[in-house]
Structures are given as C-alpha cells and as structure tokens.
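Indexing begins at 1, ligand by ligand and atom by atom, following the structure's order. The basis for the numbers below is simple: all heavy atoms, side chains too, and nothing from hydrogens, waters or symmetry mates.
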Amino acid sequence: MSLKIAIQKSGRLHEDSIKLLNDCGIVVHNGHNQLKSIAENFPMELYFLRDDDIPQYVQDGVAHIGIVGENVAYEKCKQVQIIKELGFGKCRLSIAVPRSAEYEDVQYLKGKKIATSYPFLCAQFLKKHRIEAEIHEISGSVEIAPSIGLADAICDLVSSGSTLITNGLKETEIILESQAVLIQNVGLGTEQTELISKLLFRINAVQAAKRNKYILLNAPTESLQEIFSLLPGMKSPTVLPLAEEGWSSIHSVLSEDEFWEKIEALKKAGAQGILVVPIEKMII
Ligand code: PRT
Ligand code: ZN
C-alpha cells in the first residue's frame, strides 16, 4: 500500500511541492520527463501531471491526494476535499481593465466582453453581482486580449502585478485569494487515511518551524519575570545561570509575526546578546 500523490509536472508549483515533501523527510527522485516516481523512505508514489488535470485524477481516485492552487481546485469543481493550505503559490484571481478605463465599480462590466482561463469562477463572480457580461474563454496570454481588441476586460491570476502594468491594465476587483493546497479524494480507506495523517503531521511540523524562531539571550536576574512574560515559549522558557553572578541565559521560541515587536521589548527589559536561530522542525 502506498499513498499516491499528484503534483505539477513543471511550472510554478513543481519545485515548492517537491521541497515540501523533502522538508517532510520524503526523498523524491524525478528525472527529466518522468511521469511517475516512487519515494525512497515513505510509502508514496508520485504522479507528475498538468495542474489542470490533478483535481480530476484525485476525484477519480487515480491519485489519493494532490497539490494544486485553490484557483484550479475551485475552477474545476470536482468532488475533492481541501485538507491543508500549504502557504506557497500565493496569487489572486482578479478582474483587470485598460488603465484608461473609467472604472468606478463592478457595474462597469455590464455588457462587456471578459477574457479568461477561469470561466467558472468568473461567471460565479458576475452572477453574485447580478452582472450580465460575455465571457470569452482563452487558455493563455489573457493579458494581451484587451490590447488586441479581443476583450474589454480580463479575469486572470496576478501576483506582483507587473504583467498587468506591462500590458497597460489595472486591477479592479479581487475574485479569489489563492495559494497551493493539498486536496484529497473523498472516499479513501483506513490505510490511505492513516498515511495522510502521517504526512499532515509532518507538514504541520514544517509549517510551525517556519513560523517560529529559536531565541537565546542573556538577561540580569531582576528582569527575568518581565522577559518570561514576553517569551512564554512552548511550555515555558529554559533558564540557565551564566558564570557571571546575577545573570541568566534564556532560551525560548518566538513567533515570526511578533518578532520585531518582541525584540524591541526584550531589549528594553534589559536583554543582551540576543541570538535568533531558524528551527528546522517543530513538534507541538
Ligand atoms: O503546465 P501546467 O498546466 O501544469 O501549468 P500552468 O501553466 O497552467 O500553471 P503555472 O505553472 O503558470 O501556475 C501554476 C499555479 O501557480 C497557478 O494555478 C496558481 O495557483 C499559482 N500561481 C501563483 C500563478 C501565479 N502565481 C502567477 N503569477 N500562476 C500564474 N501566474 C501568472 C499569471 O497567469 C500571469 O500571467 O503570472 C502572470 C502574472 O504574474 P505577475 O507577477 O506579473 O502579477
Ligand atoms: Zn495549467
């Protein structure tokens, strides 16, 4: 029994998907143009596919799980379950119009022609706002559609926004915020479900490690209580006496989100010699 996972063969999600598996301790060899591979130290078989096909493969049970963007997962409308947000491949599906357009609100789109590779999500957005417009489905180079007279607006993926600028467009509505997700077939047996739980346990440890840093610092004994309140740690901070009387070394874990704020407060509380170290895995 092995867990069958479908990942993108090449493209924006490929490397991060392999890296995630590697970070989870799963060694994957994917030679050039290989469509299938077997992991070395985890019962896992990998299928390398076009991202658009992954939801179908997972729905049909050919693959038990898969990694795709939420944009693809929702557009394809397959019977699959999203079980984990993976934090990479972040982008948004947006409406954009020519920079010169006098766009005030979504009513602008009434009766307009919108080019997109996401006809389902685009139609859903228009329906929600009770807008009648013409959707023109194209499979690539959507951004040039307005400049060649093919459409009045587009509905496409945006990350930095530079492609829109290059093509004389401006982003006016965000339809969906997207990132890579792990999807799962809805009718799996106990053995596959157990393997998925093992994989999720490892993914959670990798993600928790990324969100946190290990921090070591020295502080005078009279500041310890204030420092403990700033650094609660996983259970509570470790305190070791320094050779110099009246001083201690404190070890703890600090969340990335409050990092700079806490560092400033720690310095104010008398902390010195602060070292911050990345964490590889974090089991909570
Ligand atoms: O061959 P295959 O079908 O597997 O790949 P693909 O060409 O369909 O997809 P690919 O590799 O381009 O993208 C895979 C997934 O990456 C997408 O489904 C999204 O979930 C995610 N992703 C993240 C993006 C982007 N960022 C992104 N910027 N996908 C596409 N883009 C494109 C966008 O379409 C536009 O052309 O990048 C351009 C805009 O980028 P900025 O930075 O200029 O705004
Ligand atoms: Zn694709």
Enquirer: Does atom CD of Gln107 have more than 12 heavy-atom neighbours, drawn from other residues, nucleotides or ligands, at distances under 6.0 Å?
Expert: yes
Enquirer: Any chain of hydrophobic side-chain contacts (each under 4.5 Å) joining Ile83 to Leu46?
Expert: yes
Enquirer: More than 12 non-hydrogen atoms from neighbouring residues, nucleotides or ligands closer than 6.0 Å to CZ on Phe125, yes or no?
Expert: yes
Enquirer: Nearest to atom 35 (C) of ligand 1, what protein heavy atom do you find, and at what distance?
Expert: Glu143 OE2, 3.0 Å
Enquirer: Counting only heavy atoms not in Gln81 (residues, nucleotides, ligands), do more than 12 fall under 6.0 Å from its CD?
Expert: yes
Enquirer: Around atom CD of Glu104, are there more than 12 heavy atoms of other residues, nucleotides or ligands at under 6.0 Å?
Expert: no
Enquirer: Note the single closest protein heavy atom to atom 26 (N) of ligand 1, along with its residue, its atom name and the distance in Å.
Expert: Cys91 CB, 3.4 Å
Enquirer: If you count every heavy atom of other residues, nucleotides or ligands that lies below 6.0 Å from Lys281 atom NZ, does the total exceed 12?
Expert: yes
Enquirer: Between Thr163 and ligand 1, which residue portion shows a heavy-atom distance shorter than 4.0 Å: side chain, backbone, both, or neither?
Expert: both
Enquirer: Closer than 4.0 Å to some heavy atom of Gly11 - which atoms of ligand 1 meet that?
Expert: 11 (O)
Enquirer: Suppose we measure from atom 15 (C) of ligand 1 to each protein heavy atom; which comes out shortest, and what is that distance?
Expert: Leu13 CG, 3.7 Å
Enquirer: Pick whichever of Asp51, Leu176, Asp52, Val72 has a heavy atom sitting closest to atom 9 (O) of ligand 1.
Expert: Asp51
Enquirer: Based purely on interatomic distance, does Ser178 place a nitrogen or oxygen under 3.5 Å from a nitrogen or oxygen of ligand 1?
Expert: no
Enquirer: Do Lys262 and Ile215 come close enough that some side-chain heavy atom pair is under 4.5 Å?
Expert: no
Enquirer: Taking 4.0 Å as the limit for heavy-atom contacts, which would you say applies to Val142 with ligand 1: side chain only, backbone only, both, or neither?
Expert: neither
Enquirer: Check each atom of ligand 1 against the heavy atoms of Gly89 and keep those under 4.0 Å away; list them by number with element.
Expert: 21 (C), 23 (C)
Enquirer: Quick check on contacts: which atoms of ligand 1 are under 4.0 angstrom from a heavy atom of Gly69?
Expert: 20 (O)
Enquirer: Determine the sole option in Thr116, Val97, Asn167, Leu164 for which the side-chain contact (heavy atoms from CB on, under 4.5 Å) test with Ile154 is passed.
Expert: Leu164
Enquirer: So, do Leu254 and Ile263 sit near enough that their side-chain heavy atoms are less than 4.5 Å apart?
Expert: yes
Enquirer: Of Ala180, Ser160, Ser159, which has the heavy atom at the shortest distance from atom 28 (N) of ligand 1?
Expert: Ser159
Enquirer: Return the set of residues passing ring pair (Phe, Tyr, Trp, His ring centres under 6.0 Å) with Tyr103 (not counting sequence neighbours), or none when no residue passes.
Expert: Tyr108
Enquirer: Please confirm whether Gly161 comes within less than 3.5 Å of ligand 1 when only nitrogen or oxygen atoms on both sides are compared.
Expert: yes
Enquirer: For Glu143 and Thr163, test the side chains for any donor-to-acceptor distance below 3.5 angstrom and give the result as yes or no.
Expert: no
Enquirer: Would you say Leu195 and Met1 make side-chain contact, with heavy atoms under 4.5 Å?
Expert: yes
Enquirer: Please check atom 7 (O) of ligand 1 for a protein heavy-atom neighbour under 4.0 Å.
Expert: no
Enquirer: Residue-level breakdown please: for Gln179 versus ligand 1, do any non-hydrogen atoms fall below 4.0 Å on the side chain, on the backbone, on both, or on neither?
Expert: neither
Enquirer: Is the closest side-chain heavy-atom distance between His14 and Lys9 below 4.5 Å?
Expert: no
Enquirer: Please verify whether a non-hydrogen atom of His14 lies at under 4.0 Å from ligand 1.
Expert: no
Enquirer: Out of Arg12, Gln8, Arg92, Arg50, whose heavy atom sits nearest atom 24 (C) of ligand 1?
Expert: Arg12
Enquirer: Please write down residue, atom name and distance for the protein heavy atom closest to atom 33 (C) of ligand 1.
Expert: Leu157 O, 3.3 Å
Enquirer: State, with a plain yes or no, whether a side-chain heavy atom of Gln179 is found less than 4.5 Å away from one of Glu70.
Expert: yes
Enquirer: Counting only heavy atoms not in Phe259, do more than 12 sit closer than 6.0 Å to its CZ atom?
Expert: yes
Enquirer: List the closest protein heavy-atom neighbour of atom 18 (O) of ligand 1: residue, atom name, distance to the nearest 0.1 Å.
Expert: Asn71 ND2, 2.9 Å
Enquirer: Which atoms of ligand 1 are found less than 4.0 Å from any heavy atom of Val158?
Expert: 44 (O)
Enquirer: Provide the protein N, O or S atoms situated under 2.8 Å from the Zn ion (ligand 2); waters are not included.
Expert: Asp51 OD1, Asp52 OD1
